[in-house]
Amino acid sequence: MSLPDFLKRVFNKPAPTAAPAQPVAPQEPSKPVSINAVPYFERPLFFFDQSRFRRALGEQPIITVFKDAIHAAGTQANRRFIEGEDIRTLIYERALFVDCVLHYAWYQFAWPESISLEAVGGYGRGELHPGSDIDLLILHRPEIFESCKDNIEKFLTLLWDIGLEIGSSVRTVNQTIDIARTDITVATNIMESRTLVGDSSLRYELLQASTPDKIWPIEEFFRAKYQEQLDRHKKFNDTEYNLEPNIKNAPGGLRDIQTINWVTKRYFGVRTIKQLEGKGFFTDEEFSLLNSGEEYLWRVRYALHMIAKRPEERLLFDYQREIAKSFGYSDGKEGLAVEQFMHKYYRTVLALRELNDVVLQFLSEAILQKGKTKSVVSINERFQLRDNYIEATHTYVFEENPSALLEMFVLMAQNPQIEGVRASTIRWIRESRHLIDDNFRSNPKNTQLFIKLLQQPAGLVEQLKRMSRYGILGLYLPEFGLVTGQMQHDLFHIYTVDAHTLKVVQNMCNFLLPTAKEDFPVAATIMNRLPKLELLYIAGLYHDIGKGRGGDHSTLGAVDAEEFCVRHGISPRETRLICWLVEKHLLMSQVSQKQDISDPEVIHNFALTVGDQLHLDYLYCLTVADINGTNKELWNTWRASLMRNLYLDTRRALRRGLENNVDKQDLIDETQQAAIRKLARKGLSKEQVLALWGDMGDDYFLRENFVDIAWHTEAIAARKDDKPLVLIKKTSSKELAGATQIFIYSKNQKNVFVAAATALSNSNLSIQDAKIYSSKSGYTIDTFFVLNENGQPLGNNATLLKKIQQALIDELSLVDDNYREVIGRRTPRRLKYFASPTRTTLNTDTIRNCSVLEVISPDRPGLLACIGHVFMDFDIQLLNARIATLGERIEDIFFIVDSEGKPLSDPEFCEKLQQQICEQLDKRVDKL
């Protein structure tokens, strides 16, 4: 914002016409007040030599003196922060120093009586972070405004010129109250105001005119602040666990602490929340948590502002790493430094959000429901409903019957009309949760209660979330407690392990909803026939629980799952099923994305691993729930079609019998005959068709369906020349729906793949799968399945499809021995911070008689084109490719041969090939 715009906003008048769009040069105050007439700033600042500052004001340019002092104070405060100075001391002293600066800036001008400078907002509380705005209110009597208007403008201009980030308003008491009547933010600022200099009676009048009996009665104030918090949380998906959390406004952040402060201060009529210490409203534990949590977030915020050099509130990935390092974390067995730092952060904000829930629930009861109880309904001797909120019948319920710590959540899951938990009961839970020990966990009564909870899909996840927030779940399942707040530092997982786990269970429960029949038809059908849903929920709870301990998390999780099953009396057969699901929870996703599921051998081997229909059904539901609970962007129509196709083909294989493997030649013959019949209706004879197919290999007829083969053949028959043929359409196979299919037919061209990858990347399309075939007569047939940049098929936009078709034709026309250009679109910012070195493996497939290259690397635009260019440089022929993108990472598999069509055999050549791929891909990340 320019200075003229700033003044226009403050004074609500047009900006000066002399320079509406020009920067205003700093100007010294005209006729400044003699420094000898300026009173000393009364409060001591041990780090600031006030006498020296006053002398400099009398001898040097005023703006320079102020700027130098502000810069020196900021530098000194930052150094003290790095050295470990107490954060409250720093934050309060920064505000005190600015008080001093504003004191002397104010006295550069002559002021009448009946005007004052007030600090409001966070600055009004006496708190100031490096990048925080300095919120000011200039109060004045109506009759003196005209006489001091010029000085007000000069004063604000001076603050602007010396580099203070201020937010300000100029009003009378009545004007401020009129605005505050409808603006809750202004009303809140009044509560936290303090007079910096000038007539303090104005602020006294303002406070008197803004008491709850005049404006914003406590009920209205509470409702407005609570709704303000709900709206704010909604902007952050109502979770503390965003990858790049906003430390101020996200759930559990500083604004939640401030909301507690605002509501309690207005309700109790106190100036500071510290006045409530020891008065019975907060427990000692709660007051300690409020203070320690605030101090921790202050440290994080201070570091964030200092590193970003601006008022940044988002913990962006690059800042997370720098702060972790500055806080003394280092990579080790406990995980990456940044993961350890974020683990601490997430656990802190989770605890603060729990405290926020308790306090606001307590205040809601005290403020909104006071004297309004309509009904009290007994549930049993331990619990009752008070206006649809569950509460313990007396203070010692949990001490006398610790099992009630689980029973309460079972009751809530069984009775969805229960709206929540009374605040007093939440406090008793928190005070009693230490009772959950090994004896508690082994008690058959408690294990039966937990299994009963798992048998309530309608209310299961809501109660698991409550148990997690109140600290019960992490105590009852200590292995879950270990992953609470545990970050997974990649873009594949957008939640912490505990949040992801509960999301997976939520997805499983959602498969039972009527809407799931449209969104997840296969999973919805399976869920309604699974014999015991709780077995699936247990597998969901344990599938990632071994993360962060080193080793294979699937294997570690299976061990934990077995211990859970034994403790909870689950039968050996069901225990084996759960442990198998946990250990194999990644299998179905990996097979569908990284193997050729059109190959009957792949299906047969997967069916052998699965063994029976029951294991397949449970595994499918777990896999779909897991993918959708990992990152919603990962589940698109293409990935859904792969999973559905793998499930249906495996089910057929199981029904046929594992001893009855499909004969490949029978499948080839069946596909060919179906295509020939379809082409006959187009006027092509069997002889013509067989001649066109020529010496195409078996893979083509095994991997392509007869509809696409007929589509290809008809187009090839209609060709008039040997120019590359490019066709585009929506996939015809229902099993492989969800992508746009691109078919390329060309002769005597080696580098079709790299040209196609380049053209498609330039068109902002992502390749999901590629099928590549070559005939002995020199023809190449490539099929690409693509999605747009939003993960969707291209649709039926004829203009767009024609444009893409032409782009492919144009790129193919450039392919020759000198074809070397690689595209370079911008990589998203987030990907830069998850750039791990590229890894490759190269093996020989003796059955296919080719080499198999796997590339694992950070994803970025043009990656496939880059790999294709390396293949071209090494004279490598690409036979097939399996493309798998997992968040920010790709795991692609390429089936390749040398220029003579043989597997790569020279160790030195293989080493150079892999080295070149790694260098080229990593170089592209380094340049970002």
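Residue indices begin at 1 and follow the sequence shown.
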**Request:** Check step by step if side chain to side chain contact (heavy atoms under 4.5 Å, CB included) holds for Val300 and Phe327.
**Result:** CA-CA 9 Å; Val300 175; Phe327 279 17; 4.0 Å; yes
**Item:** Residue among Arg430, Lys465, Arg469 satisfying salt bridge (charged side-chain N to carboxylate O under 4.0 Å, His left out) with Glu354
**Value:** Arg430
**Side-chain donor-acceptor pair present, Arg639, Gln593, cut-off under 3.5 Å** = yes
**Item:** 4.5 Å side-chain heavy-atom contact, Asp699 and Asp596
**Value:** no
**Prompt:** If you round to the nearest 0.5 Å, how far is CD of Gln448 from CD1 of Ile451?
**Reply:** 9.5 Å
**Message:** Check this for me: does any side-chain nitrogen of one of Asp560 and Arg549 sit under 4.0 Å from a carboxylate oxygen of the other?
**Reply:** yes
**Request:** Run the salt-bridge test on Arg353 and Asp238 with the 4.0 Å N-O cut-off and return the result as yes or no.
**Result:** yes
**Prompt:** Between Leu904 and Cys910, which heavy-atom pair has the shortest distance, and what is it?
**Reply:** CB-SG, 3.7 Å
**Message:** I'd like to check Asn507 versus Phe520 (side-chain heavy atoms, cut-off strictly below 4.5 Å). Are they in contact?
**Reply:** no
**Asked** If every non-hydrogen atom of Asp498 is compared with every non-hydrogen atom of Gly485, which pair is closest and at what distance?
**Response** OD1-N, 3.0 Å
**Request:** Might you work through the side chain to side chain contact (heavy atoms under 4.5 Å, CB included) test for Phe564 and Ile570, ending with a clear yes or no?
**Result:** CA-CA 9 Å; Phe564 172 92; Ile570 296 172; 4.2 Å; yes
**Request:** For residues Glu583 and Ala558, report the shortest heavy-atom separation together with the two atoms involved.
**Result:** CB-CB, 4.2 Å
**Request:** Using the six-membered ring wherever Trp is involved, compare the ring planes of His585 and His553 and label them parallel, tilted or perpendicular (cut-offs 30° and 60°).
**Result:** perpendicular
**Request:** Decide side chain to side chain contact (heavy atoms under 4.5 Å, CB included) for Ile893 and Val852; before the verdict, give the C-alpha distance in whole Å, the side-chain angles of both, and the deciding distance to 0.1 Å.
**Result:** CA-CA 7 Å; Ile893 297 175; Val852 181; 3.5 Å; yes
**Complete:** Shortest non-hydrogen pair, Gln320 vs Leu243, comes out as NE2-O, 2.9 Å
**Prompt:** Between the side chain of Arg466 and the main-chain N/O of Phe409, is any donor-acceptor distance below 3.5 Å?
**Reply:** no
**Asked** Do the two ring centres, one from His568 and one from Tyr476, sit under 6.0 Å apart?
**Response** yes
**Thr840 side chain near Leu853 side chain, heavy-atom distance below 4.5 Å** = yes
**Prompt:** If every non-hydrogen atom of Val504 is compared with every non-hydrogen atom of Gly629, which pair is closest and at what distance?
**Reply:** CG2-CA, 4.4 Å
**Prompt:** Are a donor atom and an acceptor atom from the side chains of His500 and Asp626 found within less than 3.5 Å of each other?
**Reply:** yes
**Request:** With the side chain counted from C-beta on, respond yes when His543 and Leu581 share a heavy-atom pair under 4.5 Å apart, and no when they do not.
**Result:** no
**Gap between atom CG of Asn645 and atom OG of Ser592 - 0.5 Å precision** = 10.0 Å
**Item:** Close side-chain approach of Pro903 to Asn849, heavy-atom, < 4.5 Å
**Value:** yes
**Item:** CZ-NE2 distance between Arg576 and His615, expressed to the nearest 0.5 angstrom
**Value:** 8.5 Å
**Prompt:** Is Glu563 salt-bridged to Arg567, going by a charged N under 4.0 Å from an acidic O?
**Reply:** no
**Message:** Ignoring hydrogens, what is the shortest heavy-atom contact between Tyr542 and Ala561? Give both atom names and the distance.
**Reply:** CD2-N, 3.7 Å
**Asked** Is there side-chain contact between Tyr537 and Cys509, with heavy atoms separated by less than 4.5 Å?
**Response** yes
**Message:** Contact between Pro245 and Glu240 at the side-chain level, heavy atoms closer than 4.5 Å - yes or no?
**Reply:** no
**Item:** Leu464 vs Leu453 side-chain heavy atoms within contact, under 4.5 Å
**Value:** yes
**Request:** Would you indicate whether Arg573, at its atom CZ, is surrounded by more than 12 heavy atoms from other residues, nucleotides or ligands within a distance under 6.0 Å?
**Result:** no
**Request:** In sequence, state the C-alpha distance, the side-chain angles, and the governing distance for Asn605 and Gln595, and then conclude on side chain to side chain contact (heavy atoms under 4.5 Å, CB included).
**Result:** CA-CA 11 Å; Asn605 290 334; Gln595 297 187 39; over 6 Å; no
**Asked** Judged by modelled atom types alone, do Gln915 and Glu919 share a side-chain donor-acceptor pair under 3.5 Å?
**Response** yes
**Complete:** Here the gap from Tyr470 atom OH to Met408 atom CE, rounded to the nearest 0.5 Å, amounts to 6.5 Å
**Message:** Using a 6.0 Å cut-off, check whether atom CD of Gln914 has over 12 heavy atoms from anything other than its own residue.
**Reply:** yes
